[in-house]
Amino acid sequence: MVIVMEIESKRICRKCLTRDMDRNAYFDNLHTYIENMDEELKVEKPLYEERLSHCQACDLLLDGMCRACGCYVELRAAMRKNDCPYGKWKAAKDIF
C-alpha cells in the first residue's frame with residue numbers, strides 16, 4: 001500500500017539554471033548569498049561600493065554581468081580576494 005502525503009509548505013529549488021528562474025528571484029538570491037557570506041571573505045561596504053562604481057562606469061557591464069569575463073560584478077566585488085581582471089580595481093591588500 002502506498003501512502004501519498006500532501007506537503008503544505010512549498011520547497012524552494014536551489015538547483016535551477018538561471019534561464020529557468022524568474023529574473024528578480026535570481027538576483028534576490030544572489031544578493032542574499034552576498035549578504036550571508038562569511039565576513040572575513042567580504043570587503044567592507046565602502047570598498048564594495050567603490051568597486052561597483054568602477055563597474056558601473058565600465059562599457060562592459062550589462063545586466064549585472066561583465067561581458068568580458070562573464071562574472072556577476074556584485075559577487076566579484078564583494079569578495080576580498082578578487083580583483084577586476086581588467087585592472088579597474090584590485091584585491092583587498094589586507095588578505096595577503
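- The line from CG of L41 to CG of N82 is 10.0 Å long, rounded to the nearest 0.5 Å.
- Without hydrogens or angle criteria, R76 side chain to D83 main chain gives a donor-acceptor distance under 3.5 Å.
- In this structure, D38 contributes its side chain and E40 its backbone to no donor-acceptor pair below 3.5 Å.
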Begin with the C-alpha distance, continue with both residues' side-chain angles, and end with the deciding distance and a verdict on salt bridge (charged side-chain N to carboxylate O under 4.0 Å, His left out) for E50 and K88. CA-CA 11 Å; E50 180 184 333; K88 307 274 181 167; over 6 Å; no

Could you give me the CA-CA distance, side-chain angles and deciding distance for H54 and Y86, then say whether side chain to side chain contact (heavy atoms under 4.5 Å, CB included) is met? CA-CA 11 Å; H54 290 288; Y86 300 95; over 6 Å; no

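- In this structure, the separation between OG1 on T32 and CE on M37 is 13.0 Å, given to the nearest 0.5 Å.
- Here the straight-line distance linking atom CG of L52 with atom CH2 of W89 works out to 8.0 Å at 0.5 Å rounding.
- Residues satisfying the side chain to side chain donor-acceptor pair (under 3.5 Å) criterion with K45, sequence neighbours excluded, are E49.
- Using a cut-off of 4.0 Å between Lys/Arg side-chain N and Asp/Glu carboxylate O, E74 and R51 are scored as not salt-bridged.
- For the atom pair K42 NZ and N36 CG, the distance stands at 7.5 Å (nearest 0.5 Å).
- Using cut-offs of 30° and 60° for the angle between ring planes, the Y72 and F27 rings count as perpendicular.
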For residues 56-70, which side-chain N or O atoms pair as donor and acceptor with protein atoms under 3.5 Å away, sequence neighbours left out?
residue: D63; atom: OD1; partner: R23; partner atom: NH2; Å: 3.4
residue: R67; atom: NH2; partner: D59; partner atom: O; Å: 2.8

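- Contact record, V73 with C55: CB-SG, 3.8 Å, taken as the closest heavy-atom pair.
- Atom OH in Y26 sits 10.5 Å away from atom NE2 in H31 (nearest 0.5 Å).
- Heavy atoms only, all atoms of each residue included: V43 and A92 are closest at CG1-CB, 4.3 Å.
- Atom CG of residue N29 and atom CD1 of residue I34 lie 10.0 Å apart, to the nearest 0.5 angstrom.
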